[in-house]
Amino acid sequence: MSNRNFHYDPDKQNAMYKVLRPIAKFLVWFVFKTKVYGLENIPEKGGFILASNHITAIDPVFMVAKCPRELHFMGKAELFQKGFTRWFLTGMNGFPVQRRGVDMKAMRYAQALLKKDHVLGIFPEGTRSKTRVPQSPKAGVALIAKETKSDVVPVSIYFSEKPHWRSRLTIRFGEVIPFEQLGITSEEHDSQQLRDAAKLIMERITEQWAKKHDA
């Protein structure tokens, strides 16, 4: 399913989210030994970006299960090509993004969500880390923040080993990064500023990740 065929509507209420989120919460609790820190850092209202490192294909499930705010998130378009996966991801407020070049339709939808006070989940690395260690970010997260003047909450997902049944999973929500701290001062498309802002976001994610399973 390409994003050309995806219906973008930031005002549409997704009834399936309310059904699937409790299932996601149960599965994360049942399959993994999960600890969550920093829930107090999540704003109670207003739009913001939830930026996380990316380890597994089900990282969006972790975020939906543990974030108390309703979440929307980007996923690579290839994941939306098969029936069940498409149904599940769209039910979890996922929407496709083409990873080659700049997908302006997905970017505009992400911006519309934030401007309407929704929460946008995004993985700045753009793909999963095979080593489970945070990798360099793409500039897309900073571009979205720039266009919407959005704050960012850094999130880390940590496994000490390859995920398996009853693995220890630690999720940390870091302190809000106000938009002003991202250092994006130019109204024009300043690539260096966007790269630096994305790097700052990834550094904050990595700081949380480096705490590992420690309380």
Side-chain angles (χ1 to χ4, degrees), residues 14 16-44 48-76 78-80 84-85 87-95 97 118-138 141 151-177 198 200-215:
N14 187 353
M16 282 305 300
Y17 189 92
K18 294 182 179 180
V19 175
L20 292 175
R21 184 170 184 262
I23 297 173
K25 291 177 69 174
F26 171 77
L27 289 175
V28 172
W29 169 82
F30 183 70
V31 176
F32 303 104
K33 298 178 181 178
T34 308
K35 292 286 187 181
V36 181
Y37 299 94
L39 288 173
E40 69 277 5
N41 292 320
I42 297 176
E44 294 182 359
F48 63 91
I49 297 170
L50 202 61
S52 173
N53 63 312
H54 201 4
I55 298 176
T56 77
I58 60 172
D59 289 343
V61 176
F62 300 151
M63 295 173 71
V64 167
K66 296 304 179 182
C67 179
R69 295 279 302 278
E70 183 168 343
L71 180 65
H72 300 253
F73 64 91
M74 286 183 170
K76 63 181 181 179
E78 295 85 345
L79 295 175
F80 291 79
F84 175 78
T85 306
W87 172 83
F88 180 76
L89 291 175
T90 54
M92 298 274 277
N93 284 342
F95 61 97
V97 58
H118 294 293
V119 181
L120 174 67
I122 190 170
F123 301 101
E125 296 155 290
T127 189
R128 282 175 277 168
S129 169
K130 295 180 180 179
T131 63
R132 302 189 302 279
V133 176
Q135 305 297 307
S136 299
K138 307 294 184 183
V141 61
D151 299 338
V152 180
V153 174
V155 186
S156 72
I157 298 171
Y158 180 80
F159 287 97
S160 56
E161 55 190 345
K162 187 175 181 179
H164 57 79
W165 173 258
R166 302 308 290 167
S167 289
R168 292 181 66 191
L169 164 64
T170 297
I171 301 172
R172 296 180 187 273
F173 296 89
E175 294 182 1
V176 173
I177 308 171
L200 172 62
I201 293 168
M202 204 66 213
E203 286 174 350
R204 297 291 180 85
I205 294 171
T206 304
E207 287 173 5
Q208 298 299 313
W209 178 89
K211 295 176 182 179
K212 302 182 178 181
H213 294 304
D214 296 338

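A distance of 10.5 Å separates CG in Leu120 from CZ in Phe73, rounded to the nearest 0.5 Å. Atoms CG and CZ, on Leu71 and Arg21 in that order, are 9.5 Å from each other to the nearest 0.5 Å. To the nearest 0.5 Å, atoms CG (Asn53) and CZ (Phe123) are separated by 8.5 Å. Atoms CD and CD1, from Glu203 and Ile177 in turn, are 9.5 Å apart once rounded to the nearest 0.5 Å. To the nearest 0.5 Å, the span separating NZ on Lys66 from OH on Tyr37 amounts to 12.5 Å. With values rounded to the nearest 0.5 angstrom, Met92 atom CE is found 11.0 Å from Glu70 atom CD.
Between Phe32 and Phe62, the ring planes are perpendicular. Angles over 60° get that label, and only those under 30° would be called parallel. The aromatic rings of Trp87 and Phe84 sit tilted relative to each other, their planes meeting at an angle between 30° and 60°.
Checked by atom type and distance alone, the side chain of Arg69 pairs as donor or acceptor with a backbone atom of Pro43 at under 3.5 Å. Distance alone, capped at 3.5 Å, is enough to place a donor-acceptor pair between the Glu125 side chain and the Gln135 backbone. Side-chain atoms of Asp151 do not come within 3.5 Å of backbone N or O of Phe48 as any donor-acceptor pair. Distance alone, capped at 3.5 Å, places no donor-acceptor pair between the Arg172 side chain and the Gly38 backbone.
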Can I get a per-line list of side-chain donor-acceptor pairs under 3.5 Å for residues 204-215, giving both atom names and the distance, sequence neighbours left out?
unit_1: Thr206; atom_1: OG1; unit_2: Met202; atom_2: O; d: 2.8
unit_1: Trp209; atom_1: NE1; unit_2: Arg132; atom_2: O; d: 3.3
unit_1: His213; atom_1: ND1; unit_2: Thr170; atom_2: OG1; d: 2.6

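Annotation: side-chain hydrogen bond (donor to acceptor under 3.5 Å, both in side chains) contacts of Glu44 (sequence neighbours excluded): none.
Nearest heavy atoms, Val152 versus Ala51: CG1-CB, 3.9 Å. The minimum heavy-atom distance between Gly91 and Asn14, with the atom names listed, is O-ND2, 3.2 Å. Scanning all heavy atoms of the two residues, the minimum distance from Gly174 to Asn41 falls at O-CB, 3.1 Å.
Taking the side chain as every heavy atom from C-beta outward, Pro163 and Leu169 never approach each other to under 4.5 Å.
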Go through it in stages, so that I can follow the logic: the residues are Trp29 and Thr34, the test is side-chain contact (heavy atoms from CB on, under 4.5 Å), and I'd like the CA-CA distance, side-chain angles, deciding distance and then a yes or no.
CA-CA 6 Å; Trp29 169 82; Thr34 308; 6.0 Å; no

